[in-house]
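These notes are about the structure you will find just below.
Every value quoted in this text rests on a predicted model; they were computed, and no experiment measured them. Basis for what follows: all heavy atoms, side chains included, without hydrogens, waters or symmetry-related copies.
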Amino acid sequence: MSLGSYKINLKNEAPEEGEFLMKKEIRVRFAPSPTGPLHIGGARSALFNYLFAKHFNGTLILRMEDTDQERSSREAEENIKQSLKWLGIEWDEGIDVGGDFGPYRQMERLNLYRKYVERLLEKGKAYKCYCSEEDLKAERERMKQRNEMPRYTGRCRDLTEEQCLALEREGKRPVIRFRVPEGRILTVNDLVRGKVQFETDGIGDFIILRSDGIPTYNFAVVVDDALMQITHIIRGEEHLSNTPRQLLLFEALGLKVPEVAHISLILGKDRSKMSKRHGSTSVAEYRKRGYLPEALVNFLALLGWAPEGEEEIFSLEELIQNFSLNRVSKSPAVFDLEKLKWINGYYIRKSPIERLVALAVPHLQQAGLIGEELSAAERDYLTKVVEIVRSNLSCMEEINLYARQFFIDSIEFEDEKAKGLLMQERVPEVLELFQRKVEGADEINSREAKSILKEISKELNLGGKKVFMPLRVALTGQKHGPELHELISVLGPARAVQRVRNAMKQVRKG
RNA sequence: GGCCCGUUGGUCAAGGGGUCUAAGACACCGGCCUUUCACGCCGGUAACGGGGGUUCGAAUCCCCCACGGGUCGCCA
């Protein structure tokens, strides 16, 4: 893979074609449009850019492509930044942190684009177009109907100066279109796809400057990528078909074309582009549901990139070490929630308990299982609970499911079958004996609990399930859960006795 | 519809002419551990889209077809 090298200058000058320096610095960018929360696909693009940059000790730039004023918002920008930070993707240059190539919001760079538009206009490589949006839309529809390629037909291509003035006197505000050369074949050497070719005849003259003077995406990216001296463009496959337009622009402006790499899309379970109907799509949602950032990062990295060995668990640091565009897959990947859950569960099992407790608190509060303020004792209790249920969790959201039984006053039977376990023949004896052995103790550790259980089994001459299952149900209402002796130890004598007593009442009632 | 990209088990994927009677992971199934569940450990089922070439030999190279996806905006 060739790593382009650029001269770094501090003025806002784009390097002319062929202008190199020996110094090798990788400069990549993540350039989202702040029109919504950071999407899983965007997060993966950002991650790949980050890994690539850090692997080569390069620079990651965060730039906001906010030229769509209708849909852009500061709120979305905030969400994107927060999500990136949460994932551990730190940018070296750009929004908030600054840098020598700013500003990093396109709407703050308007005057920079003007110069380049002028340049094209002067050279006749771009022209003014006065067609109304409505006309063009209708025309597009007509062409679609007739199964023709829906593209601009070039009506204003050869307007004279006089004609332009006349139209402007009528009050028409022009857009600027780029004159696409005819009959050329453009070649791009994509770092993940290899050689890809396009014919310019398939591209209509496209708009580079809107009637309100704001540049469109294709134009702004080219100018910015050049001015910011981006060496590698790593982005989603949906941009592959924009590449020829950008190539043309780089060429017309006399700017050096960065290397490009298009990574495949992330699909939903039905193999169509991932969208809301496939479930959660934003990073923020996964965060909220109790996925750990390192798990999401690990999972996203594996979605489209394959490590060399057989290991699949990687920290961010290890990903940086091992990442390579050579091992990025060309084919789209289905987002497999099951695997994410597995990876997340893995990290949950490895996490320090304090961290898990902190993450569990909001979920339990929301479910009304714990209060706003926790006393030291409550916190202590919660810690023990988390400790014994953590192995069941695939995300922290599930804590409510497994921890519920430890926080409610009276037990709830899971189902009739569970209740039925209490109605068996010698259950009263078991419960009574248990109560007698536990009552009055300040606390019981799990070893003691274990031997108490053994004693009961021995003294009543009852084996196996006859002791364990009724007690489990009496204490939790559930047929499954953490090991009985641990459960008893966590619950503590007082709570255990109270629950057993309640259970006995139930038994008597039948 | 045009253009572009893709196609190895249910999913992510390794592989890049012979070592492929095709790796690994998730999921699934079975067993062990455990008088429950989970975790953990062990094992199993399961794949080169189809057709033509090239070659002594093709999952790997070429062509065609099929299917999937992307894109054709004063969105990015």
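A:Arg184 has no carboxylate O lying under 4.0 Å from a charged side-chain N of A:Glu199, or vice versa, which leaves the two without a salt bridge.
Distance, A:Lys417 NZ to B:C37 P: 11 Å, rounded to whole Å. Distance CG (A:Leu356) to P (B:A38): 20 Å, rounded to an integer number of Å. Per the geometry, NZ belonging to A:Lys195 stands 15 Å off C1' belonging to B:C4, to the nearest Å. In this structure, A:Lys339 places its NZ atom 15 Å from C1' of B:C28, rounding to the nearest Å. Protein atom NZ of A:Lys128 is 19 Å distant from nucleotide atom P of B:C74, rounded to whole Å. Between A:Leu302 atom CG and B:U11 atom P there is a gap of 17 Å when expressed in whole angstrom units. Counting to the nearest Å, the C1' atom of B:A14 and the CG atom of A:Asn326 are 15 Å from each other. When rounded to the nearest whole Å, the span between NZ of A:Lys450 and C1' of B:U35 equals 11 Å.
Among the protein residues, A:Glu312 comes within range of the nucleic acid bases, having at least one heavy atom under 4.0 Å from a base atom. Among the atoms of the strands shown, only primed sugar atoms or phosphate atoms (P, OP1, OP2) are found under 4.0 Å from some heavy atom of A:Phe198. At the heavy-atom level, A:Ser331 lies under 4.0 Å from the strands shown only through sugar-phosphate atoms. Residue A:Lys479 is in base contact, counting any heavy-atom pair closer than 4.0 Å across all strands shown. Residue contacts shown for A:Val175 include a base, since a base heavy atom lies under 4.0 Å away. Counting any heavy atom pair closer than 4.0 Å across all strands shown, A:His239 reaches a base atom. Within 4.0 Å of A:Gly304, counting heavy atoms only, lie sugar-phosphate atoms of the nucleic acid but no base atom.
When Watson-Crick and G-U wobble pairs are counted only if both distances are under 3.5 Å, B:G30 pairs with B:C42. Using the Watson-Crick or G-U wobble rule with both distances under 3.5 Å, B:G1 pairs with B:C72. Nucleotide B:A59 is matched to nothing when pairs are restricted to Watson-Crick or G-U wobble geometry with both distances under 3.5 angstrom. B:U36 is unpaired under the Watson-Crick or G-U wobble criterion, no partner having all donor-acceptor distances under 3.5 Å. Under the Watson-Crick and G-U wobble criteria, each requiring two contacts below 3.5 Å, nucleotide B:A22 is left unpaired. When Watson-Crick and G-U wobble pairs are counted only if both distances are under 3.5 Å, B:C67 pairs with B:G6.
Listed pair A:Arg193 / B:G70 fails the phosphate criterion, with no side-chain N or O lying under 4.0 Å from OP1 or OP2. At the phosphate of B:A76, OP1 or OP2 sits under 4.0 Å from a side-chain N or O atom of A:Thr67. The shortest distance between the side-chain N/O atoms of A:Arg349 and the OP1/OP2 oxygens of B:G40 is below 4.0 Å. Using a 4.0 Å cut-off, no side-chain N or O of A:Arg245 falls inside it from OP1 or OP2 of B:C4. Under 4.0 angstrom from either OP1 or OP2 of B:U71 there lies at least one side-chain N or O belonging to A:Lys273. A close approach under 4.0 Å does occur between a side-chain nitrogen or oxygen of A:Arg327 and OP1 or OP2 of B:G15.
B:U45 sits 25 Å from B:C37 when the C1' atoms are compared, rounded to a whole Å. Going from the P atom of B:G16 to that of B:U7 covers 16 Å, rounded to whole Å. Nucleotides B:G40 and B:C62 have their C1' atoms positioned 50 Å apart, rounded to a whole Å. Using atom P as the reference point in both B:C3 and B:C64, the two lie 12 Å apart (nearest Å). Remark: the separation of the P atoms in B:A38 and B:C33 is 15 Å, to the nearest Å. Going from the C1' atom of B:G31 to that of B:C12 covers 27 Å, rounded to whole Å. Look at the C1' atom in both B:A59 and B:G9: the space between them is 14 Å, to the nearest Å. Separating the P atom of B:G10 from that of B:A22 is a span of 16 Å, rounded to the nearest Å.
With B:C4, B:C37, B:G6 as the candidates, the nucleotide lying closest to the side chain of A:His480 is B:C37. Closest to the A:Trp342 side chain, of the nucleotides B:C12, B:G70, B:A25, is B:A25. Here the nucleotide nearest the side chain of A:Arg210, chosen from B:C75, B:C4, B:C12, is B:C75. Looking at the side chain of A:Met469, the nearest of the listed nucleotides B:A76, B:U36, B:C12 is B:U36. Counting only heavy atoms from C-beta on, A:Asn392 has its side chain closest to B:C37 among B:C3, B:C26, B:C37. You'll find that the side chain of A:Tyr217 is closest to B:A76, out of B:A76, B:C26, B:C3. The side chain of A:Ser241 lies closest to B:G70 when the candidates are B:A25, B:G70, B:A76. When the nucleotides B:U36, B:C74, B:U11 are ranked by their closest atom to the side chain of A:Glu483, B:U36 comes out on top. Among B:A13, B:G10, B:C74, the nucleotide with an atom closest to any side-chain atom of A:Asp336 is B:G10.
Remark: aromatic rings of A:Phe52 and A:His232 are close, center separation under 6.0 Å. For A:Phe219 and A:Tyr116, the ring centers are positioned 6.0 Å apart or more.
For the side chain to side chain donor-acceptor pair (under 3.5 Å) test with A:Tyr217, the passing option among A:Glu65, A:Arg245, A:Gln106, A:His239 is A:His239; the others fail.
No cation-pi contact links A:Arg404 to A:Tyr402, judged by a cut-off of 6.0 Å to the six-membered ring centre and 45° from its axis. For the pair A:Arg289 and A:Tyr286, the cation-pi criterion (under 6.0 Å, within 45° of the ring axis) is fulfilled.
Mapping A:Trp305 and A:Tyr346 onto RNA chain B by nearest heavy atom places A:Trp305 closer to the 5' end of the strand. Between A:Pro307 and A:Arg472, the residue whose closest nucleotide on RNA chain B is further toward the 5' end is A:Pro307.
No side-chain N or O of A:Glu77 forms a donor-acceptor pair with one of A:Ser73 less than 3.5 Å apart. Between the side chains of A:His485 and A:Asn445, no donor N or O sits under 3.5 Å from an acceptor N or O.
Looking at A:Glu311, its side chain has no donor and acceptor atom pair within 3.5 Å of the base of B:G24. For A:Asn218 and B:A76, a side-chain-to-base donor-acceptor distance below 3.5 Å is absent, hydrogens and geometry of angles not being considered. Side chain A:Ser391 to base B:A38: a donor-acceptor pair is found below 3.5 Å.
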Derivation of the salt bridge (charged side-chain N to carboxylate O under 4.0 Å, His left out) call for A:Asp68 and A:Arg210: CA-CA 11 Å; A:Asp68 182 347; A:Arg210 299 172 167 101; 5.5 Å; no

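Atom CG of A:Asp415 has more than 12 neighbouring heavy atoms from other residues, nucleotides or ligands inside a 6.0 Å radius.
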